[in-house]
Amino acid sequence: MDLRNIAIIAHVDHGKTTLVDELLKQSGAFRENQAVAERAMDSNDIERERGITILAKCTSLEWQGTRINIVDTPGHADFGGEVERILSMVDGVVLLVDAAEGPMPQTKFVTSKALALGLRPIVVLNKVDKPDAEPERALNEVFDLFANLGADDDQLDFPHLYASGRSGWADVELDGPRKDLSALYDLIVRHVPAPAQIARAAEPFRMLATTLSADPFIGRILTGRVEAGRLRTGETIKALSRKGERIESFRVSKILAFRGLSQTAIDMAEAGDIVTLAGMSRATVADTLCAPEIDTPLPAQPIDPPTISVTFGINDSPLAGRDGAKVQSRVIRERLLKEAEMNVAIRVSDTPGGDAFDVAGRGELQMGVLIENMRREGFELSISRPRVLIREEGGQRLEPIEEVTIDVDDDYTGAVIEKLTGARKGDLVEMKPAGTGKTRIIAHVPSRGLIGYHGEFLTDTRGSGVLNRVFLEWAPHKGHIPGRRAGVLISMENGTAVPYALFNLEDRGRMFIGAQEPVYEGMIIGEHSRDNDLEVNPLKGKKLTNIRASGSDEAVRLTPHIQMSLEQAIAYIDDDELVEVTPKAIRLRKRHLDPHERKRQARAAG
């Protein structure tokens, strides 16, 4: 059968997974009466809840005698470690762009990787049926983006289609018949070359492992594209590291190929196809799986380094162990090492004390998803404030700089620019109109300056602004950037919060807890209206007397408290604070300090 391997690239919420749904349906991958969930490729619970793709996934369909293997890539830069490996498996890319928003930062990030590999793109302008769509402007912006990224003449001469993924149609012309996606199928078959590996079918077997996962029945499994030769179930092959060192020899217990949304066991893997192998015990991502006579590994794509680090520790608060079953540091360490093995963008190291672990990754969202997965598995953790990783090169300190793209109402542009370019040490790069009453701001800001900024940004723009960020480069350190300005309200007692006490504390600031919630000494229960921390008593009840007066005993009406998400809590805390994460609760608290250290800090603060 003729074969095509493609990846679909898009920014968050540009409709990529919805388009893949329609491609599968119209190709006959599902039975007519088969029940299929919306966004079928988003198999992870968190992916479904947030509407984003986190894990790269493969699927396969047949169109008029051609098998098309499609890879759905993540739409956020924090999960870019998936993207870099996946692109080495494909021969073409479909770039999906929202006709209203145009190419966004994540589009730029992944497209630069694809163009550097020499892949020729197909551009699909999605959501052209929306009232605010401007497909011609978006198309011009895509061309400018390719030119800025150094695309060659063949890549700049890209074909494009107008589409609506939700309605299930794609046409060459904007005013086409709008019936189905046949124009996209035909363009993929015509424009994307067949795998060059097919010509090397007679050579010894070689395959580069690009994704690693585990199956409860067959164990460790590796997915990749067969670069040369054929492989049958039961044959013995070996694994080579990136440096050419032999890792292990193993017998292939199973070969799985993608057919629709499921994987099917096949007898033989052929050159050019994307398959999954089982049977190995130590081989991992970027290793070469090959015939015993091969001694040279396949070249593997380098992975961009982590930019932030977070410390994971045991939950040692007075409320520890009430919600979760997995609370020991040994169990936490095993889970983090397993995550680092599956995800090459994450690195785990022990801290000097041995009861906490430094986890380095791409960004706050990636860390938030890992922590959310762990709390759903029954873990209890204490999480530190994210720290930006600093490099030393040629005697100079370098820090990560991110390109921030903001779409905001004209009324709020001044406040946003002042925050980014003032204390946060950002540089304004571009500012232009982005539709009626909207402005697009592009700035280069140190990663340190963006930690905790998103909450301020939503407040400054009354919730109407959209902020996207992507790693740009390493640049000289820009000096001190002040952290959070407001102080916090800290509980000085252990017990259950009383409505009367919280009502009286509302003058002091905004609350993070409600009535009847458990509190303990050192727990942060609110944000102070001033810049200093304040110890308060949330347990203080009303003094009871035998005198009754009209109106004095009315029920207390509390202002609704702030409920922070996991990412908001991690970004909010200061260096001397922690986030306590359990399966049922997210709490903020001060680090445990002995009395001498507390006095020393008090003296230092004046």
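Here the side chains of Arg375 and Ile586 are in contact, with some heavy-atom distance below 4.5 Å. Contact check for Pro159 versus Arg190: no side-chain heavy atoms found under the 4.5 Å cut-off. Using a 4.5 Å heavy-atom threshold, the side chains of Pro121 and Thr111 count as separate. Residues Gln64 and Asp186 form a side-chain contact, since some pair of their non-hydrogen atoms from C-beta on lies under 4.5 Å apart. Using a 4.5 Å cut-off on side-chain heavy atoms (C-beta onward), Ile406 and Thr461 make no contact. For the pair Asp175/Tyr162, no side-chain contact is recorded, criterion being any heavy-atom separation below 4.5 Å from C-beta on. Taking the side chain as every heavy atom from C-beta outward, Arg166 and Asp129 never approach each other to under 4.5 Å. With a 4.5 Å cut-off on side-chain heavy atoms, Trp63 and Ser182 count as touching.
Every residue two or more places apart in sequence or in another chain that forms a side-chain contact (heavy atoms from CB on, under 4.5 Å) with Ala151 is listed here: Leu115, Phe146, Gln155, Leu156. In terms of the salt bridge (charged side-chain N to carboxylate O under 4.0 Å, His left out) criterion, Arg120 has no residue partners (sequence neighbours excluded). Take Glu577 and apply the salt bridge (charged side-chain N to carboxylate O under 4.0 Å, His left out) test, not counting sequence neighbours, and it matches Arg484, Lys590. Residues satisfying the side-chain contact (heavy atoms from CB on, under 4.5 Å) test with Leu389, not counting sequence neighbours, are Pro306, Ser309, Ala360. Every side-chain contact (heavy atoms from CB on, under 4.5 Å) that Glu377 has, sequence neighbours left out, goes to Lys326, Arg335, Asn373, Phe379. Applying the salt bridge (charged side-chain N to carboxylate O under 4.0 Å, His left out) test to Asp574 and every residue at least two apart in sequence or in another chain returns nothing. Among residues two or more places apart in sequence or in another chain, the salt bridge (charged side-chain N to carboxylate O under 4.0 Å, His left out) test is passed with Asp171 by none. Every residue meeting the side-chain contact (heavy atoms from CB on, under 4.5 Å) condition with His444, not counting sequence neighbours, appears here in chain and number order: Ile401, Glu403, Val429, Leu472.
Sorted by first and then second residue, the pairs that involve residues 140-160 and meet salt bridge (charged side-chain N to carboxylate O under 4.0 Å, His left out), not counting sequence neighbours, are Arg137-Glu141. The stretch residues 441-452 participates, sequence neighbours left out, in these salt bridge (charged side-chain N to carboxylate O under 4.0 Å, His left out) pairs: Glu399-Arg448. The list of side-chain hydrogen bond (donor to acceptor under 3.5 Å, both in side chains) pairs with a residue in residues 470-479, not counting sequence neighbours, reads Asp427-Lys478. Legend: salt bridge (charged side-chain N to carboxylate O under 4.0 Å, His left out) pairs involving residues 411-423, not counting sequence neighbours, sorted by first then second residue: Lys419-Glu456, Lys419-Asp460.
Ring orientation note: the planes of Phe457 and Tyr453 are tilted relative to one another, at an angle of 30° to 60°. Relative ring orientation between Phe143 and Phe158 is described as tilted, the plane-to-plane angle lying within the 30° to 60° band.
Closest heavy-atom contact between Val93 and Ala114: CG1-CB, 4.1 Å. Closest non-hydrogen pair, Leu19 versus Leu184, comes out as CD2-CD2, 4.2 Å. Across all their heavy atoms, Leu145 and Pro103 have their closest contact at CD2-CB, 3.8 Å. Listed here is the closest heavy atom pair of Arg424 and Val445: O-CG1, 3.8 Å. Ala209 and Leu222 make their closest contact through CB-CD2, 3.9 Å (heavy atoms, listed as atom of the first residue, atom of the second, distance). Of all non-hydrogen atoms in Asp91 and Ala194, the two that sit nearest each other are OD2-C, 4.5 Å.
A donor atom on one side chain and an acceptor atom on the other are found under 3.5 Å apart for Arg387 and Thr311.
Without hydrogens or angle criteria, Asn126 side chain to Leu96 main chain gives no donor-acceptor distance under 3.5 Å. Side-chain atoms of Arg440 do not come within 3.5 Å of backbone N or O of Lys432 as any donor-acceptor pair. Under a 3.5 Å cut-off, the side chain of Asp273 and the backbone N or O of Val275 do not form any donor-acceptor pair. Of the possible polar contacts, none joining the Arg510 side chain to the Glu527 backbone as a donor-acceptor pair under 3.5 Å is found. Side-chain atoms of Thr210 come within 3.5 Å of backbone atoms of Thr223 as a donor-acceptor pair (strictly under, hydrogens ignored). For Asp98 (side chain) and Lys127 (main-chain N/O), no donor-acceptor pair under 3.5 Å exists by modelled atom type.
Taking CE of Met431 as the reference point, atom OG1 of Thr439 lies at 5.0 Å (rounded to 0.5 Å). The CD1 atom of Ile371 sits 5.0 Å away from atom CG of Leu566, with the distance rounded to the nearest 0.5 Å. Expressed to the nearest 0.5 Å, how far CZ of Arg4 lies from CD1 of Ile70 amounts to 13.0 Å. Ile451 CD1 to Ile570 CD1: the interatomic distance, rounded to the nearest 0.5 Å, is 11.0 Å. Note: Ile221 CD1 to Thr211 OG1 = 8.0 Å, rounded to the nearest 0.5 Å. Residue Met511 holds its CE atom at 11.0 Å from NE2 of His561, rounded to the nearest 0.5 Å.
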If you apply the rule side chain to side chain contact (heavy atoms under 4.5 Å, CB included), what do you find for Val172 with Leu161, and how did you get there? CA-CA 5 Å; Val172 178; Leu161 296 174; 3.8 Å; yes
Run Leu23 and Thr59 through side chain to side chain contact (heavy atoms under 4.5 Å, CB included) and show every step you take. CA-CA 10 Å; Leu23 285 169; Thr59 186; over 6 Å; no
What's the verdict on side chain to side chain contact (heavy atoms under 4.5 Å, CB included) for Leu428 and Leu420, showing C-alpha distance, side-chain angles and the deciding distance? CA-CA 8 Å; Leu428 185 64; Leu420 289 178; over 6 Å; no
Output, in order, the C-alpha distance, side-chain angles, deciding distance and verdict of side chain to side chain contact (heavy atoms under 4.5 Å, CB included) for Met89 and Asn5. CA-CA 7 Å; Met89 289 202 301; Asn5 296 323; over 6 Å; no
